Amino acid sequence: MLSDFSKQREMKTSLRAESPATNKATDYEAETAFLGEWGRFQQQVFFFLCLTIIPNGFTALAIVFLADTPPHHCLVPAHLNLTDAWRNSSIPLEEDESRGSALVPSKCSRYKLDYLVSFSERGLLPGVDVNLSNVPKEYCLDGWEYDHSVYTSTIITEWDLVCDQSWKNPLTSSFFFCGVLTGSFISGQLSDRYGRKIVLFATTALQLVSTFVEVFSQSWTAFCAVYFFIGLSQISNYVAAFVLGTEILGPCVRTVFSTAGVCLFFALGYMLLPLVAFFIRDWRMLLIGLTLPHCLCMPLWWFIPESPRWLLSQGRVQEAAAIIRQAAKTNKIEPPPVIFSPLQKEIKSEKKGTHNICDLLRTRNIRWISITLWLVWNTLTIAYLGLSLNTSNLHGNAYFNCFLSALVEMPAYTLSWVMFRWCSRRLSLFSTLFMGGLFLLIIQLIPADLVYLAITLEMIGKFAVTTAFAIVYAYSAEVYPTVLRNTAVGTCSMASRIGSITAPFFIYLRSYSVSLPYILMGTLTALTALLSLLLPESFGMPLPDTITHMQQFPGCCRKTPYTLTNTDEGENSTQDASVKSDLMTK
């Protein structure tokens, strides 16, 4: 086996000599090929980094239980002199569209208590002596009475975020995603400057401390302020772990890590959320429970190394070589006397590219590709988060619905890997997007009494949207050229934050009509699926090297077909570190 890796190293070294354009990643992979692809060192890095992903899935959608709204109605003070008949009739009945127009107690109004006390003292009976439709109503002046059969407390019951204050519920989630937006801006820069490992564990510690501090929040404003930092640290440690894994692991294992490894372990953390929340019904205690996975991840500092690639980029060749020697010892392989060639010492002084974000809009072809992908990313984010946050509003047990929503992501990620490997990129994205939108539109046509059929359709829609989300990540990295790939995928991720911030308000529209969120998300997803057919096909195509090598967007000027070069072959073996920079976001 060692001789095979030696031959591989010699072959890659020869390729570099023949093709000066080959990037420094290929030099690094050739010089570390003696380690093998799947030794004990790679297994440890793969497994430990995947463990750091679990807390992200565990906390990303915790708001589903932290801010769930239990059944409630206006509080009628116990000291009032009311008969049982009038106390039981003090809340007017209203139609509930989500229950097939059944009559339920009003959530935001009550009959005027002065009138009820007067009727009670005179011995009149409600509905017999008094027509309740003629009794004036008033707001819940004494607060609300909540059903505690499911939750001991949530932030909704803590600060009465109902009725005219209900707009604060979706805004709470938006604060979290504003933190994610900010973290997306700064995490990459911090990681490039200070290192992947230190950012990974520093932001994990920040998330741990922020979650613990939030337990002591005394107001909704304070809760949202701390929740912002939880979002910031959540995306930052996710990106740092992803980048660290893609830079340490070899090409083959790197692909598995960036797809199955990251996604499936995120979904595993998501599945653990309802299980823990089932046993912890108080929101403050649940937050304490959310800190446990972060505490368990902190000792991994001594088992996860810094990225040798990053150390080389900083000119710290001896530290990078020491990590590789330790990896060789772990894999029981004898390392060569000199691991990195003198060329690696000059990497830091290499000339950087001059391309920037403005190039995504400079020419007609790349401009339309970028705009189309930004719309697709936004729609997918709205649909994915909207369906994830809506699980507490579904009929049946909220914990089981949330677990089911997480469970469907497992086969969805598996299917996305299968489709991405063997099927057309454009048709895969279109079919999953359109299927998701179609099922969301069908849900509103299901009769109210067919609850389980409606939930099944919603889970199929979530399955399709999750599959499309995984596909669009990798597709975006394929369609853009090397000189802009990191910037382009990062910009797509940034654009999707608009969708993540607005997604909670799509669910808030349930207060006006239960069908409205499904109609809007379904229509938007189906139309975006049709729009995605305009995107160029990248399946079987070489990775574009420059902007002029990109595939053609319909209506743009034709160009000379792009053919595979040695540089492209080197590129195809390298997975970009920015692909899948956040899931929350999935």
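Computed from a prediction, not measured in an experiment: that's the story for all the values here.
Taking the side chain to side chain donor-acceptor pair (under 3.5 Å) definition, one finds that Ser109 meets it with Ser106, sequence neighbours left out. In this structure Cys178 satisfies the disulfide bond (SG atoms under 2.5 Å apart) test with no other residue, sequence neighbours excluded. By the disulfide bond (SG atoms under 2.5 Å apart) test, Cys74 pairs with Cys140, sequence neighbours left out.
The number of heavy-atom neighbours closer than 6.0 Å to CG of Asp84, taken from other residues, nucleotides and ligands shown, is 12 or below. Counting heavy atoms of neighbouring residues, nucleotides and ligands inside a 6.0 Å radius, atom OH of Tyr399 exceeds 12 of them. No more than 12 heavy atoms of other residues, nucleotides or ligands sit less than 6.0 Å from atom CZ of Phe212. Shown here is Tyr139, whose OH atom has more than 12 heavy atoms of other residues, nucleotides or ligands within 6.0 Å.
Between Phe469 and Tyr384, the ring-plane angle classifies as perpendicular under the 30° and 60° cut-offs. The aromatic rings of Phe119 and Tyr115 lie tilted to each other, with the angle between the two planes from 30° to 60°. Between Phe223 and Tyr227, the two ring planes are tilted [angle within 30° to 60°].
A cation-pi arrangement is present between Arg281 and Phe278 under the rule of less than 6.0 angstrom and at most 45 degrees off the ring axis.
Glu138 has a carboxylate O that lies under 4.0 Å from a charged side-chain N of Arg110, or vice versa, which qualifies the two as a salt bridge. In summary, Glu409 and Lys462 engage in a salt bridge, as defined by a charged side-chain N under 4.0 Å from a carboxylate O. A salt bridge is defined here as a Lys NZ or Arg NE, NH1 or NH2 lying under 4.0 Å from an Asp or Glu carboxylate O, and Arg284 with Glu214 fails to meet this definition.
For Trp159 and Trp144, the ring centers sit 6.0 Å or farther from each other. Taking the ring centroids of Phe303 and Phe48, they lie under the 6.0 Å cut-off.
The two atoms that bring Thr432 and Ala464 nearest to each other are O-CB, 3.4 Å, heavy atoms only.
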